[in-house]
Amino acid sequence: ACAVARGCALLQNRLVTSSSSSSPANTALLVDIGGVRAPVRSSASPWLVPNNYSAFIEDQSSLNTLQWLFKKDTLKQDVFLMGPPGSYRRRLALGYCEIVNKEVEYIALTRDTTEADLKQRRELRNGSAIYEDQCAVRAALEGKVLILDGIEKAERNLLPILNNILENREMHLEDGRFLVAPNRYDNLSTQFSKEELDQMHLVRVHEDFQVIALGLPVPPMRGNPLDPPLRSRFQAKSIAAPPNHHLLSSFSHPVNSFAATLDAMNSSAHHQQKHQQHSTAKVADVANPPSISDRGIQLLMHLQKVAPGLDGGFMISSALPYRFSMTEKEQQVVQKLMQRFGIDSTPIELSATSSLTPNKKLWHLSREAVENANPSTTATVAINGWKIEAPAGAAQSFPPSSTIIPLEYQEHVQAELALLHSFGDVCVLGGKGCGKSVVVEEFARKMGYNTTHVMLHKDITARDLLQQRITLENGDTAWRLSPLLMAAKEGHLVVLDGLHRLNDTTTSALQRLCQDREIDLF
């Protein structure tokens, strides 16, 4: 059995000194999980090794997946981790690279990803056109791990470009070079000198090069299924996010029973669908009940910890926005289950006379103290009697706007934003003209944030969100940070106005920035 440990202890408890040499200088460090060992590599570029991701590996299912990855690394096989939406697959892959000290080349695939983003991009330098290696080529030459996140979002004509590098470790490059598998290159080196091989433009692929693809199961999820020839190049493993519902047992709240029951219903429907796929009898389709994501469970835990007695309907609608993202039948399933556990599902709405139902109460937000006057400021806010630590801007506060008349309902929404902001980023949903921009502006003013507005439209690409292509005065090409990334560096509050207009694959380019506060640029 595999022992479970957290953070650095996970590494310390797994490191085993190799007995292949008695000299300390030649002693290799090994990571052992259930009898399967993997060497800890030396890194020439330690800044490319992931950091603080092994802390997320704390359960047996994650350790089993790590053990499987160790085996595939020993066999020099590329892998495909398939599972439900969320950050679990990415963090597991990055945690594996951190544990064995492997450098990573990461790319989030979207519909805008091109061949130049994977292989080589043409640049202007000192009046000449040159080709610069991109993530796939750099990983192949330097023995890094290439992580392809969102493989189901890529266009169908893009991934076959990697087919040859996956199968034979060979690839033709635009600058005339040809990547050759390490064993074949070593055989050629016995017949030709290094200079002769260089004249033939042959380049050796590093033996430690590995590809980890991350994707969703298509179908039933939306996306482009992998072509059979390409799919056969990977060793696939279906993984699911570790169950977090047992963590809710430390709090006594009807929401916990709701989440556990909803998860059980979803698991039952999944097994029933799986049974029907193997059955020859034609039976009625079984609809999947909605389920709260791993991130949603963590939000429920946070809300119960910082705001005891919080309304269950608000917690569920925050972790599972069923009114906006589900069909009518799925909404009925959620509402019936909420009624079963005595959770009020009616939202707070003001009538023409500004009256509320007796069981609803408006909140008010007040900022009491600031811990540090730096870009990572944390403020104490008072909401409905709760004292909550939440991120805040460097400014103490900004003067109130003379053009905005504060309304009680808007004050309540701002308090809700502050409560959710203490956990992470927030998505504000509402109809046209309902006052979303006003609420966000006032929230930013009270929390001491400078705001940066990014207007979105349907034609914007993932590249436009992150960086912009420019030409310098001397004619060289370069990349300039977008307003979004400039605001992220300076600690501003970014308002992505019109997020619903973007394509689904375009928004996926921001997932690592939103969830991990890290991102790989062009």
Side-chain angles (χ1 to χ4, degrees), residues 47 50-53 55 87 90-91 94 106 108 295 298-299 302-303 306 318 365-383 387-401 404 413-428 436-456 460 462-468 470 478-499 502 506-522:
W47 57 87
N51 189 26
N52 292 331
Y53 285 94
S87 61
R90 181 181 68 257
R91 289 178 172 176
L94 293 172
Y106 174 91
R295 180 78 171 173
Q298 296 174 12
L299 173 61
H302 173 78
L303 293 178
V306 302
S318 301
L365 168 66
S366 62
R367 181 177 174 182
E368 295 192 345
V370 179
E371 298 295 332
N372 300 300
N374 56 51
S376 59
T377 297
T378 300
T380 301
V381 294
I383 304 173
K387 304 290 185 179
I388 300 173
E389 299 293 327
Q396 188 71 21
S397 64
F398 290 101
S401 174
I404 297 178
V413 176
Q414 292 167 25
E416 291 181 340
L417 288 179
L419 182 59
L420 296 175
H421 182 55
S422 66
F423 176 76
D425 297 326
V426 183
C427 180
V428 181
K436 299 186 294 296
S437 298
V438 173
V439 168
V440 172
E441 285 288 346
E442 279 296 289
F443 167 75
R445 181 188 65 79
K446 292 182 179 180
M447 299 300 291
Y449 277 115
N450 290 296
T451 58
T452 298
H453 276 78
V454 180
M455 301 301 297
L456 304 177
I460 199 170
R463 187 178 289 105
D464 297 331
L465 286 176
L466 303 178
Q467 289 181 297
Q468 299 167 353
I470 62 172
W479 291 97
R480 180 175 60 192
L481 294 182
S482 67
L484 168 61
L485 292 189
M486 289 297 297
K489 289 182 61 178
E490 297 172 3
H492 293 183
L493 187 145
V494 180
V495 181
L496 298 176
D497 199 343
L499 189 65
L502 294 182
T506 304
T507 56
S508 65
L510 300 176
Q511 59 183 352
R512 196 177 179 196
L513 178 63
C514 294
Q515 296 173 345
D516 303 333
R517 288 301 190 262
E518 294 180 354
I519 197 162
D520 288 76
L521 303 177
F522 303 107

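The first residue of the sequence shown is numbered 1, and numbering continues consecutively from there.
In this structure, Thr378 and Glu389 approach most closely via the heavy-atom pair CG2-OE1, 3.4 Å. Across Gln467 and Leu481, no two heavy atoms sit closer than the pair NE2-CD2, 3.9 Å. Closest of all the heavy-atom pairs between Pro483 and Thr452 is O-CG2, 4.0 Å. Considering all non-hydrogen atoms of both residues, Leu419 and Ile383 come closest at N-CD1, 3.8 Å. Considering all non-hydrogen atoms of both residues, Pro391 and Ser422 come closest at CD-CA, 4.0 Å. Nearest heavy atoms, Ile519 versus Ala509: CD1-O, 3.7 Å.
The side-chain heavy atoms of Val381 and Lys446, taken from C-beta on, include no pair separated by under 4.5 Å. Between Val428 and Val439 the shortest side-chain heavy-atom distance does not fall below 4.5 Å. Between Ser87 and Gln511 the shortest side-chain heavy-atom distance does not fall below 4.5 Å. Taking the side chain as every heavy atom from C-beta outward, Val440 and Thr451 never approach each other to under 4.5 Å.
Note that CG of Leu456 and CG of Leu499 are 6.5 Å apart. Values are rounded to the nearest 0.5 Å. Taken to the nearest 0.5 Å, the NE2 atom of His421 stands 12.0 Å off from the CD1 atom of Ile388. Taken to the nearest 0.5 Å, the CG atom of Asn52 stands 8.5 Å off from the CD atom of Glu518. Leu485 CG to Gln468 CD: the interatomic distance, rounded to the nearest 0.5 Å, is 9.5 Å.
Of the N and O atoms on the side chains of Gln515 and Arg295, not one donor lies less than 3.5 Å from an acceptor on the other residue.
Here the rule is side chain to side chain contact (heavy atoms under 4.5 Å, CB included) with Val454, and of Asp464, Leu496, Asp497 only Leu496 fits it.
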### Task
Run the numbers on Leu510 and Leu484 for side chain to side chain contact (heavy atoms under 4.5 Å, CB included), then give the verdict.
CA-CA 10 Å; Leu510 300 176; Leu484 168 61; 3.6 Å; yes
### Task
Just do the side chain to side chain contact (heavy atoms under 4.5 Å, CB included) check on Val426 and Glu416 with the steps written out, would you?
CA-CA 10 Å; Val426 183; Glu416 291 181 340; over 6 Å; no
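In this view, His302 and Phe423 satisfy the ring-ring contact (aromatic ring centres under 6.0 Å, His included) rule, not counting sequence neighbours. The ring-ring contact (aromatic ring centres under 6.0 Å, His included) search around Tyr106 returns none, not counting sequence neighbours. Partners of Glu441 under the salt bridge (Lys or Arg N to Asp or Glu O under 4.0 Å) rule, at least two apart in sequence or in another chain, do not exist in this structure. Looking at residues two or more places apart in sequence or on another chain, you find a salt bridge (Lys or Arg N to Asp or Glu O under 4.0 Å) between Arg91 and Asp516. In this structure Tyr53 satisfies the ring-ring contact (aromatic ring centres under 6.0 Å, His included) test with no other residue, sequence neighbours excluded. With sequence neighbours excluded, no residue forms a salt bridge (Lys or Arg N to Asp or Glu O under 4.0 Å) with Lys436.
Ring geometry for Tyr449 versus Phe443: interplanar angle of 30 to 60°, hence tilted.
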